[in-house]
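Beneath this line is the structure, given in structure tokens, with notes to follow.
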Protein chains: 2
Amino acid sequence: MGLKVTIYDVAKEAKVSIATVSNVINKKGRIGEKTRRRVYDAMEKLNYEPNVLASALMGKQTKTIGLLIPDLANPFFSELARSIEDRGHELGYSIVICSTDYQEEKENKYISLLKQKRVDGFIFASGFEKQSRLEELMQEDIPIAIVARDYPNFAVNAVALDDYMGGYLAADYLIKLGHKKIGIVALDVYSNRERIRGFKDAMSEHGLKFIHDIELIEDIKQSHLDAGRNVAKKYLQYDDKPTALFACNDLLAIGAIQAARRSGLYVPNDISIVGFDNTSIASIVDPPLTTMSQPIQLMGREVMDLIISIFKGERDDHVRVTLAPTLVERDSTRTI
Amino acid sequence: MGLKVTIYDVAKEAKVSIATVSNVINKKGRIGEKTRRRVYDAMEKLNYEPNVLASALMGKQTKTIGLLIPDLANPFFSELARSIEDRGHELGYSIVICSTDYQEEKENKYISLLKQKRVDGFIFASGFEKQSRLEELMQEDIPIAIVARDYPNFAVNAVALDDYMGGYLAADYLIKLGHKKIGIVALDVYSNRERIRGFKDAMSEHGLKFIHDIELIEDIKQSHLDAGRNVAKKYLQYDDKPTALFACNDLLAIGAIQAARRSGLYVPNDISIVGFDNTSIASIVDPPLTTMSQPIQLMGREVMDLIISIFKGERDDHVRVTLAPTLVERDSTRTI
DNA sequence: TTGAAAGCGTTACCAG
DNA sequence: CTGGTAACGCTTTCAA
């Protein structure tokens, strides 16, 4: 009475062949209504659970997808992973999650491990991902999709945020609030650079430009909180200090708020700060953070749907889904 | 040149039988040094990756573990999942994560799904888990381990926090700070009740008792932030209001801080607040939260090691690992 | 409409 | 020390 009931047991119980059982399970071929009933009853009675391994061996899907993210403990990625998981389960897929810590070595190890386990495909949620690694997988005909990260000039299925637009909207908002002297707190990664580009363009359109050099944070692995604090601190030491700061993620923004407070400045009275991502902590901190919202739920859903459509062979061309960010206004900003 | 290189290809390349190849892979039997080399060379040359599915079909492990948690987007659980994932990977296991949202229905669905996929075992990180469901799995001889949740009077492998001690220590700390009138913000779940029991006992030892009735939050699925805010608000409306609040998790504590602020009270000057869990948000909020720390890293590591030891058959008795919480003092508390 | 038999890629047992 | 060969549980022709 254990795990050991196989398709043979069901066949015997229903007095049919295993082929028939297999067919009714997979709804294939034409099967008499009576036999179908008998088979279902037998499965029910024996509490039969098909062995996914065996059927996967025969070429069917494992119904499992590998998800590589930089760090599951980071709220942005855990929320994203959750939304991917949700949509995956809806569609009958399990997700195995691997945190790469932005390390190429780990990434290679996980990819190889998951390949051996015959996952049906990979979702890469930002991180290290050498382009060559992706190309290898595509060569081997393993479905992959990218989320929350863009590979410019590389044909790959991806759903990404319109980072440029996010930066543009953030700038637009701040400028409308009357801010002219604005500082940037950002990491040296592609998405952040895009956001800055959008931000800069919006400023230009209003005849504004940055009064201080932008210093990108190069060590991506360090605490974003600390990094944000440090960069903000520098800005606050200028004689001609900015009246607003645009931080390229919420953690950075919170670090900036802390830096301000430590310099005896009040947010938003003395300085406005806008973040990026709208992770759940944005509404928890004090003051609640005005931030550009990434539609995390939607992104998760979209990548999942994207990779499924690849499974189904619905596309051999490559799609790039671009989602629009929206501004969520809270209390870390004010008119000047 | 794809995924399709099998043990047969390796055998042919190395001019040996597949049995020999299998043996060198699994380091079984005695094999001549020369043939071993030839096999290794062949595997290397062909870029052979063993098919885990096939070997699992033969009774070997899938090297995959199912992890059921209430909600991956909750920082406590994402941090816990991360630590489990880390230890798992070190030991060669992949983790498939399922968020149950405290719903029995989802839980059943995931358990059945993962059984079909032949995971080697289950880790249950709190949540719904009917005891009967666990018993079923144990009957079927599927290894299971519990983490961050205790089943009193039920023989199961578990690593849990000493909740009673956590409550006791929190009370002890607050009392030493001079607080006598203390309120409780907690959920109506086993762990929280234990914490309160410890808290109460510590108070008794000092001849203290609660001046207001404790109202547990019954709707566990609602936003903890809101719930904390509401409960705290009630306390703050009493004429004889408490000078300190003990919240049974960090989110609740943050809700309490917000309630205080909205009533025009300053933390910690007007009221001290201590949380529980020491999730990463505890150090981010303002004021940084004094909280009982759960050793999340250690818990993850311990459950993983526990379930592995079950795989190895190192124990047929049941173990309960109990970890001690420690107080992390930040700025949400002060002497009275 | 149903069933027999040939795989899928491994491991395990038993000869040689 | 090495190699046949029978499983493992399922899907898929191809006949009947």
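Throughout, a chain's letter reflects where its sequence line sits, starting with A, and its residues are numbered from 1.
Chain A approaches DNA chain D over the interval dG9(D) to dT12(D), counting the first and last nucleotide 5' to 3' with an atom under 4.0 Å from its heavy atoms.
Heavy atoms of Val52(B) sit nowhere under 4.0 angstrom from any nucleic acid atom.
Considering only residues two or more places apart in sequence or on other chains, Phe76(B) meets the ring pair (Phe, Tyr, Trp, His ring centres under 6.0 Å) condition with none of them. Residues that satisfy the salt bridge (charged side-chain N to carboxylate O under 4.0 Å, His left out) test with Lys45(B), not counting sequence neighbours, are Glu13(B). Every residue two or more places apart in sequence or in another chain that forms a ring pair (Phe, Tyr, Trp, His ring centres under 6.0 Å) with Tyr110(B) is listed here: His89(A). Residues satisfying the ring pair (Phe, Tyr, Trp, His ring centres under 6.0 Å) test with Phe154(B), not counting sequence neighbours, are Tyr151(B). Contacts of Glu135(B) classified as salt bridge (charged side-chain N to carboxylate O under 4.0 Å, His left out), with partners at least two apart in sequence or in another chain: none. Residues satisfying the side-chain contact (heavy atoms from CB on, under 4.5 Å) criterion with Leu57(B), sequence neighbours excluded, are Asn51(A), Ala54(A), Leu57(A). For Glu33(A), the side-chain hydrogen bond (donor to acceptor under 3.5 Å, both in side chains) partners are Arg36(A), not counting sequence neighbours.
Comparing the end axes of the helix from dT1(C)-dA16(D) to dG16(C)-dC1(D), each fitted to five base pairs by superposing C1' atoms of four pairs onto the next four, gives an inter-axis angle of 40° (nearest 10 degrees).
A close approach under 4.0 Å does occur between a side-chain nitrogen or oxygen of Thr20(A) and OP1 or OP2 of dG3(C).
Residue pairs meeting the salt bridge (Lys or Arg N to Asp or Glu O under 4.0 Å) criterion with at least one partner in residues 75-90 of chain B, sequence neighbours excluded, are Asp71(A)-Arg82(B), Asp101(A)-Arg82(B), Arg82(B)-Asp86(B), Arg87(B)-Glu90(B), Arg87(B)-Asp305(B). Screening residues 37-66 of chain B for ring pair (Phe, Tyr, Trp, His ring centres under 6.0 Å), with sequence neighbours left out, gives no hits.
Arg38(A) places its CZ atom 15 Å from the P atom of dT1(C), with the value rounded to the nearest Å. In this structure, Lys15(A) places its NZ atom 16 Å from C1' of dG3(C), rounding to the nearest Å.
The two atoms that bring Leu80(A) and Ala148(A) nearest to each other are CD2-CB, 4.2 Å, heavy atoms only.
Within a 6.0 Å sphere centred on NZ of Lys12(B), heavy atoms belonging to other residues, nucleotides or ligands number 12 at most.
With DNA chain D read from its 5' end, the first of the two nearest nucleotides for Leu57(B) and Gly32(B) is the one closest to Gly32(B).
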Query raised in the report: Which letters describe nucleotides 10-16 of chain C, given B = protein heavy atom under 4.0 Å from base, S = only from sugar-phosphate, - = neither?
Result: BBB----

